[in-house]
Number of protein chains: 2
Amino acid sequence: MDETDELLSIRAAELYYEENKTQDEIGQALRLTRWKVGRLLAQAKQRGFIRIEILHPRARRLPIERRLREERGLADAIVVSSAGVAGPEELQARTAQAAADYLTALRPVPRTLGVSWGRTLYEISQHLRNGWATGVNVVQINGGVSLNRRPGTAAATAVGIAQKGGGQATLLPSPAILERLETKQAIESDRVVAGVIELARSADAYLFSAGAADESSVHVESGYLSVSDVELLVAKGAVGDVVGRYLDSDGNIVDPALDARTVGLTLDELREAPLAIAVIAGQAKHPVADAVVRSGLCTVLVTDEATALHLLDG
Amino acid sequence: MDETDELLSIRAAELYYEENKTQDEIGQALRLTRWKVGRLLAQAKQRGFIRIEILHPRARRLPIERRLREERGLADAIVVSSAGVAGPEELQARTAQAAADYLTALRPVPRTLGVSWGRTLYEISQHLRNGWATGVNVVQINGGVSLNRRPGTAAATAVGIAQKGGGQATLLPSPAILERLETKQAIESDRVVAGVIELARSADAYLFSAGAADESSVHVESGYLSVSDVELLVAKGAVGDVVGRYLDSDGNIVDPALDARTVGLTLDELREAPLAIAVIAGQAKHPVADAVVRSGLCTVLVTDEATALHLLDG
DNA sequence: AGTCCACCTGCTCATCTGAGCAGAAGGAGC
DNA sequence: GCTCCTTCTGCTCAGATGAGCAGGTGGACT
């Protein structure tokens with residue numbers, strides 16, 4: 001395509017997309033046949049001169065979703081558009097909304113849904129509508145009750161999802177991380193706790209997010225880890241955590257001793273799940289999102305456009 | 001349009017614009033008739049959910065051009081797209097290119113073209129192609145030869161435009177602004193200078209830019225004015241200059257005494273021209289662009305999208 | 001110069017799409 | 001409960017568009 005044709009294709013595109021002229025009219029204006037105009041427009045599209053964006057908080061990026069499914073082996077992918085996004089909070093909100101939509105549309109409806117907790121999960125619970133399902137029971141898959149600064153967030157998440165879904169919530173009454181291995185083993189052998197974990201193992205589907213390995217981690221906020229603990233983990237290669245377990249970029253546990261003191265489903269148990277929905281959004285979580293997808297921790301990913309493109313780049 | 005329809009229209013738009021499905025296929029996917037899909041897409045467009053951009057340095061914004069013609073009474077307007085622009089230099093380059101394109105396509109071809117000088121005009125001369133016209137003579141319409149730091153820029157501009165257009169350049173051998181009124185009157189009564197100005201008055205068309213009233217002004221750079229001179233002009237209401245003459249936001253001369261010492265066509269002479277092409281780009285020139293258009297200094301405006309929108313806002 | 005080949009052009013035809021219309025549905029007011 | 005009015009729905013039909021094809025054009029190579 002020479003320079004003249006390139007310019008013509010731009011002129012044609014202006015008349016077609018901005019002035020709503022027909023290809024025939026454009027042909028008359030530019031002294032071309034309407035077939036030539038059609039070809040110029042096709043070339044303009046194909047060469048990427050034409051960008052069509054859907055500007056809406058609920059807009060998704062289907063081509064990127066397809067690439068994630070095909071190139072990253074996911075069973076499903078939901079990618080929300082970043083077009084016209086105001087800030088990181090809105091990105092987070094859009095992604096949580098999309099996750100709520102996905103859950104609502106999910107078929108078959110899971111009888112039991114295993115959930116983690118955290119800012120993202122809480123926001124998903126807020127975006128779910130009353131009656132999003134009928135009779136979905138919810139079970140927590142990792143510990144964390146009550147140490148949180150905003151007490152009850154973890155519980156409110158699970159209970160909220162369950163209530164709006166017309167089911168019961170089963171909480172895991174345990175800290176996320178114990179200080180001593182013996183305490184962790186003791187609490188796991190507690191009849192109630194063991195029962196909850198057993199229920200969690202039998203869930204039909206899991207819904208969880210991932211945390212970045214930095215000082216903003218919920219584990220730091222909740223007091224389970226200190227900033228220097230996290231720095232140590234990062235030094236060992238940690239990119240973030242899933243259900244409280246810190247992993248490196250290959251999805252391996254970074255600190256087996258710490259992991260052994262962490263209550264809840266293990267990463268390998270998650271990997272065996274037939275339906276594991278990860279909801280991860282934001283620049284800060286790009287590395288951990290990568291690790292989650294690469295190591296097969298989820299079968300379904302709900303994320304934002306920038307994160308999705310990051311995953312596809314590598 | 002309720003929330004459900006809004007969401008459906010977004011889903012439909014995704015399938016239509018990103019997946020290239022037909023409205024009929026979308027109808028099947030979303031369990032709607034194809035007419036409903038068509039209406040949803042029309043509403044999505046109409047409500048502004050669909051943004052179509054033409055990403056190309058030569059892309060123009062025809063709807064904005066139309067508004068400028070209709071709402072600002074211009075005979076013609078050329079607005080280059082700001083989409084995907086890298087920086088102010090590229091905006092300037094795009095606008096200069098558009099001005100060169102406009103000149104090249106101009107019919108009837110002017111026998112004599114009056115030009116000012118400056119960074120913008122120089123860039124236009126660079127973008128013109130050899131043989132853009134056959135036999136267009138060029139005449140400078142304001143003084144400024146030789147005091148410029150990059151000597152010859154003013155002359156190179158006029159000569160370049162003329163040579164590439166197969167014609168002769170007539171330079172105005174005079175400073176832009178004289179220190180004393182008497183000197184200005186003396187130089188204007190010089191036979192050669194008077195002849196050039198007479199020729200300039202008889203030009204078929206004028207091509208000029210405008211300068212912002214700040215320290216970056218070519219008059220400061222050229223030594224005609226000091227920074228404090230410009231500050232004084234700004235204090236008196238100056239928003240910029242056209243052919244070396246400083247005007248306020250209403251297009252009135254700010255400093256009549258200074259104006260009387262300025263050599264070349266007057267603003268009122270420009271206003272009477274049947275074809276006066278102003279080329280103005282960049283954030284810094286928004287106020288002076290406004291003054292130029294409001295006070296009828298040009299019949300044709302070549303500018304960038306942001307500047308055009310600024311003109312239409314007010 | 002002749003031949004071949006790739007590309008381009010203008011066409012036919014099938015499909016897609018938007019305008020306009022008649023009837024149905026859903027509310028508001030009586 | 002009934003009527004009227006607005007809005008919505010599914011349709012016809014004509015215009016717009018894209019796929020595919022035959023013929024033509026121009027350049028490269030022999």
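Here is the naming used below: chain letters follow the sequence lines, and residue numbers restart at 1 for every chain.
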Find the distance A/Lys36:NZ to D/dT25:P and express it as a whole number of Å.
-> 16 Å
Below 4.0 angstrom from OP1 or OP2 of C/dG10, is there any side-chain N or O of A/Thr33?
-> yes
How many angstroms lie between atom CD1 of A/Ile50 and atom OH of A/Tyr16, to the nearest 0.5 angstrom?
-> 10.5 Å
Decide side-chain hydrogen bond (donor to acceptor under 3.5 Å, both in side chains) for A/Gln28 and A/Asp24; before the verdict, give the C-alpha distance in whole Å, the side-chain angles of both, and the deciding distance to 0.1 Å.
-> CA-CA 6 Å; A/Gln28 288 175 281; A/Asp24 209 359; over 6 Å; no
A/Leu301 and A/Ile78, any side-chain heavy atoms less than 4.5 Å apart = no
Along nucleotides 17-23 of chain C, 5' to 3', which nucleotides get a B, which get an S, and which get a -, given that the test is a protein heavy-atom distance under 4.0 Å?
-> BS-B---
Taking atom C1' of D/dT9 as reference, at what distance in whole Å does atom CD of B/Gln43 sit?
-> 13 Å
Please report, rounded to the nearest Å, how far the C1' atom of C/dG10 is from the CD atom of A/Gln28.
-> 16 Å
Could you tell me whether B/Arg60 and B/Glu305 have a side-chain N and a carboxylate O separated by less than 4.0 Å?
-> no
Note, B/Arg58 side chain near B/Arg94 side chain (heavy atom, < 4.5 Å) = no
Rounded distance (Å) that lies between atom P of D/dG15 and atom CD of A/Glu25 = 13 Å
Is any side-chain N of the basic residue among A/Glu6 and A/Arg47 closer than 4.0 Å to the acidic one's carboxylate O?
-> yes
Rounded distance in Å - CG (B/Leu40) to P (D/dG10) = 12 Å
Which angle, rounded to 10°, do you find between the first-five-pair axis and the last-five-pair axis of the helix from C/dA1-D/dT30 to C/dC30-D/dG1?
-> 30°
Can a salt bridge be assigned to the pair A/Asp304 and A/Arg61 using a cut-off of 4.0 Å between side-chain N and carboxylate O?
-> no
Going by heavy atoms in the side chains, are B/Thr299 and B/Asp76 under 4.5 Å from each other?
-> no
